[in-house]
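All values derive from a computational prediction rather than experimental measurement. Naming convention: chains lettered A, B, ... in sequence-line order (proteins, then strands); numbering from 1 in each chain. Computed over heavy atoms, backbone and side chain alike; hydrogens, waters and symmetry mates excluded.
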Number of protein chains: 2
Amino acid sequence: MNLKDLASLLGLSPTTVSRALNGYPEVSEQTRLRVFEAAAQHGYVPDPRARSLATGRAKAVGLVIPVDSRHERVNPVFGDFVAGASDTLWARGYDIMLTLTSEANEANSYRMLAARGRVDGLVIQAPLIHDWRIGVLRELGLPYVVHGRFSDEDQTYSWVDMDNRRAFRRATEHLLNLGHTRIALLNGIRGMDFAERRADGFLQALRARGLEPPPEYLCNSRMTETYGYDAATSLLRSEMPPSALLTSSVIVAMGARRAIETQGLRMGRDVSVITHDDVLTYLLNDGTPPVFTAIRSPVRDAAELAIENLLTLIEDPSAGPIQTLLEAELVPGGSSGPAPTNPPHGRTRDAYQI
Amino acid sequence: MNLKDLASLLGLSPTTVSRALNGYPEVSEQTRLRVFEAAAQHGYVPDPRARSLATGRAKAVGLVIPVDSRHERVNPVFGDFVAGASDTLWARGYDIMLTLTSEANEANSYRMLAARGRVDGLVIQAPLIHDWRIGVLRELGLPYVVHGRFSDEDQTYSWVDMDNRRAFRRATEHLLNLGHTRIALLNGIRGMDFAERRADGFLQALRARGLEPPPEYLCNSRMTETYGYDAATSLLRSEMPPSALLTSSVIVAMGARRAIETQGLRMGRDVSVITHDDVLTYLLNDGTPPVFTAIRSPVRDAAELAIENLLTLIEDPSAGPIQTLLEAELVPGGSSGPAPTNPPHGRTRDAYQI
DNA sequence: GACGCCATTCAAAGCGCTTTGGGAAAGCGA
DNA sequence: TCGCTTTCCCAAAGCGCTTTGAATGGCGTC
């Protein structure tokens with residue numbers, strides 16, 4: 001059943017039927033009603049391809065998510081991002097097209113290029129420090145919004161990001177105020193933009209108090225439970241065990257908690273943990289109080305804003321770059337407390353100094 | 001730059017250029033080369049909409065993922081499923097279109113219907129026991145493959161699923177063989193097809209040995225860490241604490257582990273845990289031996305097969321329903337061991353009987 | 001009665017591609 | 001030279017929709 005069939009069925013021209021369905025005023029209310037009824041009755045749905053070809057609008061946005069080619073790991077934030085984006089998109093009649101790109105190889109430029117015509121705009125996820133995608137984006141000439149930021153990019157472009165630097169600075173200050181001086185950072189992998197900003201914030205806060213962490217206090221890895229466990233274990237067993245850990249995701253914090261408890265210590269008393277929390281639905285840190293003290297910044301909120309901004313750009317490309325900085329909320333939980341006066345393991349050591 | 005432009009640029013007709021690019025034999029090798037060069041040079045990429053309209057093939061598949069409307073939870077398996085599907089799809093030139101559907105409301109039928117024309121086939125995720133989507137699917141007339149199964153569906157349709165019943169029967173038998181008789185199941189929510197099958201397998205194995213678990217040994221909930229912790233805690237504190245737990249996902253197992261350790265018990269010695277493991281990249285249960293004894297069935301494998309089957313069906317709709325049953329692998333890990341002779345907590349109790 | 005005006009409706013072109021059905025040129029055997 | 005096949009290329013139709021520009025008819029007005 002296509003437009004022509006429906007039209008001849010109604011004894012109308014395709015023009016009129018199209019107009020009736022699309023809400024143009026040049027059609028009588030009575031006719032419009034007839035058309036709608038017939039459409040519903042025969043289950044007529046306009047072909048999106050044809051419509052898109054005729055209007056030039058694809059009514060779809062593309063989501064470009066990077067896949068870590070070595071580990072075949074897909075960005076864990078992805079699922080919730082989609083969930084956050086989906087409501088708004090659906091409400092505005094947009095579909096979502098997925099493009100997975102692994103690290104730089106030529107096919108990927110093509111893969112992104114192929115999006116042209118199929119989508120009206122793009123959302124870019126998990127930008128790297130030096131992200132190859134930016135070149136393709138510029139060439140494409142499609143509106144796009146980056147979830148996160150390209151660090152080495154000086155030109156203005158649209159992004160939605162949380163203030164990673166500030167969040168980690170505040171979390172670190174929070175721990176400092178609790179008396180902690182030996183604070184380690186279990187960060188994400190190097191090369192991810194957000195990881196660098198977090199490290200920045202962490203260091204800023206420490207240095208403001210005249211502290212400089214030893215290099216082994218700065219860990220970088222893919223964010224897994226095992227990583228959290230291993231890193232925390234080796235830190236806690238080291239010569240100079242930290243009294244607090246700052247982790248980059250709830251899953252890493254879980255690993256850290258396991259390490260702490262395995263060593264017979266108690267989280268929140270012997271060792272404090274503050275984690276960043278993207279509020280992923282499969283890893284909720286809820287409860288009252290939540291298990292982990294956290295700097296919380298829901299991915300869903302970011303997703304909604306990113307989509308909102310993207311749609312604005314699509315509808316008015318001259319709307320100029322839209323940049324949205326989100327604040328993280330410091331949520332007190334059970335995992336942090338005052339620095340213990342006697343360091344664990346019976347060892348006594350001074351705080352590290354400059 | 002469109003086909004016509006490129007053609008006139010080359011002094012050829014659009015027909016010839018199209019044929020050259022699509023590998024038809026009626027064009028000289030020399031011309032083909034010229035065309036390819038010009039296309040590359042001018043960055044010409046055929047418009048997928050126009051192509052799709054002309055050929056009738058969308059060169060895209062739809063992924064329909066349910067969103068739990070109450071909890072706004074997106075299926076955690078989703079990310080890895082996409083990752084598994086993406087390689088094959090990309091290799092065959094297909095794009096992925098996402099459709100999120102929350103629980104039954106009329107808009108969703110439409111949402112799926114709108115897919116017509118935009119995709120050549122669908123993959124359905126996380127089927128429920130009584131899934132409203134099946135009606136829409138039949139009406140649509142598009143090829144589809146279900147990841148999982150519709151339990152109440154007697155008509156033949158295509159699916160890829162792991163043998164949940166057998167996997168959980170084997171895991172239970174494994175525990176029984178280790179001497180455990182008090183085994184609790186921390187299952188997913190009721191209404192999900194897989195959860196019912198798992199409970200089935202679990203009960204089959206127990207009943208074959210003349211055991212009948214008390215009702216409180218059968219837990220159902222959304223699979224979160226907190227759930228694992230709470231359920232395990234209350235079970236271990238109960239009058240009749242289990243000596244083994246069977247969990248439906250690694251994240252639940254993590255919660256269970258925390259509960260076990262919080263009570264001063266050791267996992268694998270005092271309480272055994274076997275978990276199902278979908279091998280999600282953000283929740284890896286690796287290591288040698290792995291932390292958890294697991295019945296492992298990678299979502300990625302399922303995804304690859306589902307896509308493979310779907311593409312077969314798309315290319316030959318008469319290929320009939322393709323049904324693929326995957327076996328889970330029982331991977332020994334550190335979380336299971338012989339049943340303790342003295343139950344924990346100093347309590348002595350007989351195994352539950354029929 | 002002629003005119004203009006509004007409210008409706010329609011015919012036809014066009015979006016960018018594929019594909020059918022030729023058709024010209026070249027090659028070949030007789 | 002002719003007729004035939006083969007090779008290579010092309011014009012034009014069509015996919016299902018939107019949209020421009022024009023047509024139709026009813027109505028009030030002078």
Between [X] and [Y] (side chain of the first, backbone of the second, donor and acceptor by atom type, cut-off under 3.5 Å), is there such a pair?
| X | Y | answer |
| --- | --- | --- |
| A:Asp316 | A:Ser318 | yes |
| A:Asp131 | A:Leu128 | yes |
| B:Lys59 | B:Arg51 | no |
| B:Arg32 | B:Ala20 | yes |
| B:Ser52 | B:Arg57 | yes |

field: Pairing residues for B:Asp301 by the side-chain contact (heavy atoms from CB on, under 4.5 Å) criterion, not counting sequence neighbours
entry: B:Pro298
query: In a check of ring-ring contact (aromatic ring centres under 6.0 Å, His included) between A:Phe150 and each of A:Phe194, A:Trp159, A:Tyr157, which one passes?
result: A:Tyr157
message: If you compare every side-chain N and O of A:Tyr24 against the phosphate oxygens of D:dT19 (OP1, OP2), does one of them come in below 4.0 Å?
response: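 For A:Tyr24, the contact criterion (side-chain N or O under 4.0 Å from OP1 or OP2 of D:dT19) is met.
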- prompt: Just checking, is any N or O donor in the side chain of A:Asn309 or A:Ser158 under 3.5 Å from an acceptor N or O on the other one?
  reply: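 A:Asn309 vs A:Ser158: no donor-acceptor pair found between side chains.
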Residue-level proximity of residues 28-43 of chain A to DNA chain D when a heavy atom falls under 4.0 Å: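 When residues 28-43 of chain A is checked for heavy atoms under 4.0 Å from DNA chain D, there are no hits whatsoever.
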query: Using a heavy-atom distance cut-off of less than 4.0 Å, which residues of residues 1-10 of chain A contact DNA chain D?
result: A:Asn2, A:Leu3
Between the protein and nucleotides 10-12 of chain D, which nitrogen or oxygen pairs come in under 3.5 angstrom?
residue : atom : partner : partner atom : Å
D:dC10  : OP2  : B:Ser13 : N            : 2.8
D:dC10  : OP2  : B:Ser13 : OG           : 3.2
D:dC10  : OP2  : B:Thr16 : OG1          : 2.7
D:dC10  : N4   : B:Arg19 : NH1          : 2.8
D:dA11  : N7   : B:Thr15 : OG1          : 3.3
D:dA11  : N6   : B:Thr15 : OG1          : 2.8
D:dA12  : N6   : B:Thr15 : OG1          : 3.4

query: Would you call A:Asp80 and A:Arg300 a salt bridge, using N to O less than 4.0 angstrom?
result: yes
message: Once you apply a heavy-atom cut-off of 4.0 Å, does B:Ser18 come out as touching a base, just sugar-phosphate, or nothing?
response: base
- prompt: With nearest nucleotides of DNA chain C determined for B:Asn22 and A:Glu26 from heavy-atom distances, which residue corresponds to the more 5′ nucleotide?
  reply: A:Glu26
task: Under the salt bridge (Lys or Arg N to Asp or Glu O under 4.0 Å) rule, what do B:Asp95 and A:Arg118 come out as? Steps first, then yes or no, please.
output: CA-CA 10 Å; B:Asp95 282 327; A:Arg118 211 156 234 203; 2.5 Å; yes
Donor-acceptor list for residues 3-10 of chain A side chains, cut-off 3.5 Å, not counting sequence neighbours:
residue : atom : partner : partner atom : Å
A:Ser8  : OG   : A:Lys4  : O            : 3.4
A:Ser8  : OG   : A:Asp5  : O            : 3.1

- prompt: Do the non-hydrogen side-chain atoms of B:Tyr94 and B:Asp120 ever get within less than 4.5 Å of each other?
  reply: yes
task: Would you check if B:Val279 and B:Val299 make a side-chain contact, meaning some heavy-atom pair closer than 4.5 Å?
output: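 Heavy-atom side-chain distance check fails, nothing below 4.5 Å.
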query: Which nucleotide span of DNA chain C, 5' end to 3' end, has atoms closer than 4.0 Å to non-hydrogen atoms of chain A?
result: C:dT8 to C:dG16
